[in-house]
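Only one structure is covered here, and it is reproduced in the block below.
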Amino acid sequence: MSKVVGIDLGTTNSLVAYVKNGVPIVIRDKDGDALVPSVVSVSQDNTIHVGREAQRRLLTDAARTAYSVKRFMGKGREDVRHEAEHFPFRVGGDSGEVVRIGLGDREFTPPEISAFILRDLKHRAEAHFAEQGEVDNEVDRAVITVPAYFNDAQRTATRDAGRIAGLEVLRIINEPTAASLAYGLDKKHSGVIAVYDLGGGTFDISILRVEDGVFQVLSTNGDTHLGGDDIDVLLMDLILDGHKGPPLRVSPSNVGVDPRVGPSAETLQEIRKSAIQAKLDLSDRDETTIRVDVGLHYERRLSRAEFEALIAPIVERTLGPCRQALADAGLEPSQIDEVVLVGGSTRIPLVRRKVEELFGRRPHSELNPDEVVALGAAVQADILVTGNREMLLLDVTPLSLGIETMGGVVSKIILRNSTIPATGSEMFTTAVDNQTAVDIHVLQGERELVADNRSLYRFKLRGIPPMPAGLPRVQVQFQIDASGILSVTARELRTEIEQTIEVKPSYGLTDEEVERMLLESFEHAEADFAARQLIEARNEAESVIQATEKSLRSPEFASIDATEISADERKKIESVLAGLKMVLKSTDRETIQKWTHALNDATQHLAEVMMNRSVSAALAGKNVDDV
Amino acid sequence: MDFFSFLSLPRKLNLDMADFEQRYRALSRQFHPDYFYNAAPAERRASLEKSSYLNDAYRTLRNPISRVDYLLKLEGLAPQGPEQASKQVPAGLLEEVFALNEELDEVREQRSGGAPPDVWKGRLERARRPIEAKRAEHEAQLQELSARWDATGDRAVLELLRDRILERNYIINLLAGIERELNSTVI
């Protein structure tokens with residue numbers, strides 16, 4: 001039986017976990033490390049690096065290395081214009097289209113980059129299962145987590161990433177809810193829980209009621225653009241402001257990554273590394289020294305008080321969504337029984353203090369905040385494949401779903417915090433006689449005007465039977481599934497004719513594109529493999545050429561007469577040698593290998609003769625007894 | 001099939017909420033797509049439809065106002081349409097609405113005449129009081145009528161409930177309007 005895993009696809013780090021004998025376990029590498037940095041790098045020879053190695057390459061080849069790609073999932077070119085300048089890699093794509101990330105001469109969509117990370121986790125899990133002696137160690141299905149506040153486009157992009165990585169995505173679940181599952185395992189009591197999840201790039205707050213093993217989300221809120229990354233940028237600005245020499249900044253106002261004005265992309269990454277180190281230090285210490293030695297020289301002491309003053313506005317920004325979530329759940333802070341912390345950024349003492357202040361109780365952090373989400377995802381995956389009814393997760397849709405109506409106003413069809421799966425429907429009719437199609441624009445968000453909400457899909461309802469204007473009654477049904485992903489169906493009620501819907505995601509990939517990427521990923525995996533093989537073939541050819549040339553130049557060779565190596569044989573060696581040198585620069589691995597073999601063959605006799613010579617030379621002057 | 005019968009509940013307006021929540025959890029356990037992952041496509045589809053319907057029922061019946069709205073619709077007493085309902089001033093509110101509109105006009109005039117915010121804001125706050133009082137009155141009436149419906153099942157009670165609900169919606173809109181005026185800083 002193939003294996004099922006739970007995956008936390010994070011902004012900064014990703015993890016994979018599974019359930020063994022009813023207990024969720026995070027899969028670690030041989031060094032005991034569970035975290036795979038969510039970093040992907042493409043080297044000059046087009047080899048793809050993922051994780052630690054890719055992270056190291058940020059310091060040597062930043063422009064070919066992508067990180068924090070989760071921030072770009074489900075986004076259009078326009079959405080990311082400002083933040084793109086913070087990153088060393090190219091962020092492009094056509095206007096109105098999905099973002100493209102350029103690494104070297106190749107371009108990827110964010111789901112493709114995420115798919116590299118997912119494939120790495122898949123391989124990590126498969127290696128683990130093989131090591132455990134499992135007969136079938138293939139991992140082909142997964143539950144993947146997303147921030148609770150992710151919209152439909154971001155969820156769909158995550159599901160697409162899974163598909164491109166060759167995984168059947170059983171379910172997309174929300175990170176805070178996954179965490180609550182992991183926490184709920186050993187304490188099956190009832191109560192109201194608040195999960196505060198501050199990760200690398202996103203913030204979520206979810207309020208849940210737990211009763212009879214049912215984990216029911218009452219409300220959720222958040223900010224998909226708020227996390228540890230923002231703290232890093234503040235510290236980087238501090239370093240760039242304070243170093244000696246001409247002023248440099250990472251902020252968009254002064255183009256940071258342009259080497260003429262700012263530090264090189266690699267220097268910027270050195271600065272980022274030092275900033276992150278200082279941030280981590282200050283979770284355990286009252287003071288640290290920020291030090292940058294590569295690219296520029298910088299040193300300063302930073303106290304925790306100074307750090308807290310710096311990051312206070314960021315922590316403050318998490319409190320508004322918390323209050324909104326409480327209001328939506330109809331609860332006062334004092335009615336929360338337990339508070340759970342999730343995400344690496346909740347290690348920051350100021351964050352803990354602020355959360356404690358807001359809810360009036362000390363938050364839980366018994367489980368590792370980096371691992372708890374993956375553990376919960378594994379539990380959910382196990383529920384899905386085993387049908388175990390002990391626990392049930394009832395989640396909500398974080399944002400209202402609506403359609404555009406007259407005057408650019410949104411009419412809401414499914415309200416935020418509705419438990420999923422959820423449906424809603426809307427009746428449409430025609431404006432002119434014999435009209436057979438209606439345009440529909442689906443949006444997500446809380447605002448009144450179309451322009452202030454997230455455009456999800458535009459589509460045409462076709463095949464409406466020709467009738468006088470206003471007579472057709474087309475019912476459009478919106479279904480949000482248990483993963484929080486929307487699908488749309490429609491039927492004309494007078495004729496009972498099912499309508500054709502061509503859905504074009506506003507900022508996503510079509511099914512065809514995902515299929516193509518899946519195929520390409522195989523081909524590229526092959527291309528990456530082929531590239532490695534070509535390099536190996538060239539290396540081998542070069543060593544044979546060197547050895548041959550060395551022989552031909554050697555004094556022993558000069559002393560060999562024509563009775564041992566004929567003139568024809570010499571000529572043959574020289575021509576094969578010249579031939580191999582000619583094909584060496586080609587990209588045709590097989591030809592290179594063929595000529596390499598030919599030169600090996602042509603020089604075999606010569607090598608024997610030379611060998612004998614050197615043996616006799618070595619033996620000369622020595623006693624037979626010594627041999 | 002309607003939301004009440006789906007949850008095996010009588011068509012009554014006062015619910016034992018603990019019992020209601022418990023029913024919801026039990027049915028969720030029965031229908032949720034989590035448990036049909038390996039089932040045949042038809043069963044999976046049915047699970048999705050049933051749990052979506054259950055969630056809709058839960059959301060509608062949990063809230064006392066939407067519960068009344070839903071019951072009225074079930075009993076064929078739904079107002080014609082939301083737009084119509086909110087535009088037409090209910091007869092029982094004519095006096096209050098008239099007074100409020102006059103007050104709002106004067107406040108706008110004061111404001112464009114450059115009166116300091118605390119002057120016109122104070123006026124708005126005072127104008128809000130009778131409307132707030134009306135709302136409290138309506139909440140009490142709704143509760144009383146709900147109890148009467150539960151006890152008698154008399155359709156005449158439902159008609160009274162419908163009128164109260166329409167007025168209540170109107171009052172909510174009025175209060176939201178005042179709130180907007182209070183928050184607007186420029187003319």
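In what follows, every chain begins at residue 1, and chains take the letters A, B, ... in the order their sequences are listed.
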Near [X] [atom1], under 6.0 Å, is it more than 12 heavy atoms from other residues, nucleotides or ligands?
X: B/Lys134; atom1: NZ; result: yes
X: A/Glu448; atom1: CD; result: no
X: B/Arg11; atom1: CZ; result: yes
X: B/Arg62; atom1: CZ; result: yes
X: A/Arg389; atom1: CZ; result: yes
X: B/Gln143; atom1: CD; result: no

Are [X] and [Y] close enough that some pair of their side-chain heavy atoms sits under 4.5 Å apart?
X: B/Tyr24; Y: A/Leu394; value: yes
X: A/Ile383; Y: B/Tyr35; value: yes
X: B/Asp34; Y: A/Gln380; value: yes
X: A/Ser418; Y: B/Asn55; value: no

To the closest 0.5 Å, what do you measure between [atom1] ([X]) and [atom2] ([Y])?
X: B/Asn38; Y: A/Thr386; atom1: CG; atom2: OG1; result: 9.0 Å
X: B/Tyr37; Y: A/Leu170; atom1: OH; atom2: CG; result: 4.0 Å
X: A/Ser425; Y: B/Asp56; atom1: OG; atom2: CG; result: 9.0 Å

Give, as side chain, backbone, both or neither, the part of A/Ile414 having an atom under 4.5 angstrom from any heavy atom of chain B.
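Nothing of A/Ile414, per the 4.5 Å heavy-atom cut-off to chain B.
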Heavy-atom distance under 4.5 Å to chain B: side chain of A/Glu211, backbone, both or neither?
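Its backbone and side chain both get close to chain B.
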Before giving the answer on side chain to side chain contact (heavy atoms under 4.5 Å, CB included), spell out for A/Gln216 and B/Glu21 the whole-Å C-alpha distance, their side-chain angles and the decisive distance to 0.1 Å.
CA-CA 11 Å; A/Gln216 185 186 356; B/Glu21 299 279 353; 4.0 Å; yes
Does the B/Arg59 side chain pair with the main chain of A/Asn417, one donor and one acceptor, at a distance under 3.5 Å?
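Looks like yes, one N/O pair under 3.5 Å.
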Minimum-distance pair of heavy atoms, taken over all atoms of A/Val214 and B/Arg25
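Taking A/Val214 first and B/Arg25 second, the nearest heavy atoms are CB-CD, 3.7 Å.
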Taking all non-hydrogen atoms of both residues, which atom of A/Pro421 and which atom of B/His32 are closest, and how far apart?
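For A/Pro421 and B/His32, the tightest heavy-atom pair comes out as CD-NE2, 4.2 Å.
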Indicate whether the side chain of A/Asp212 and that of B/Gln22 have a donor and an acceptor atom separated by less than 3.5 Å.
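Side-chain D/A pair, A/Asp212 to B/Gln22: absent.
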How far apart are the C-alpha atoms of B/Ser28 and A/Leu392, what are their side-chain angles, what is the distance that settles it, and do they pass the side chain to side chain contact (heavy atoms under 4.5 Å, CB included) test?
CA-CA 8 Å; B/Ser28 292; A/Leu392 174 63; 3.8 Å; yes
Chain A heavy atoms under 4.5 Å from B/Arg29: which part of the residue, side chain, backbone, both or neither?
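Both the backbone and the side chain of B/Arg29 come within 4.5 Å of chain A.
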Please state whether the side chain, the backbone, both or neither of B/Glu49 comes within less than 4.5 Å of a heavy atom of chain A.
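Neither part.
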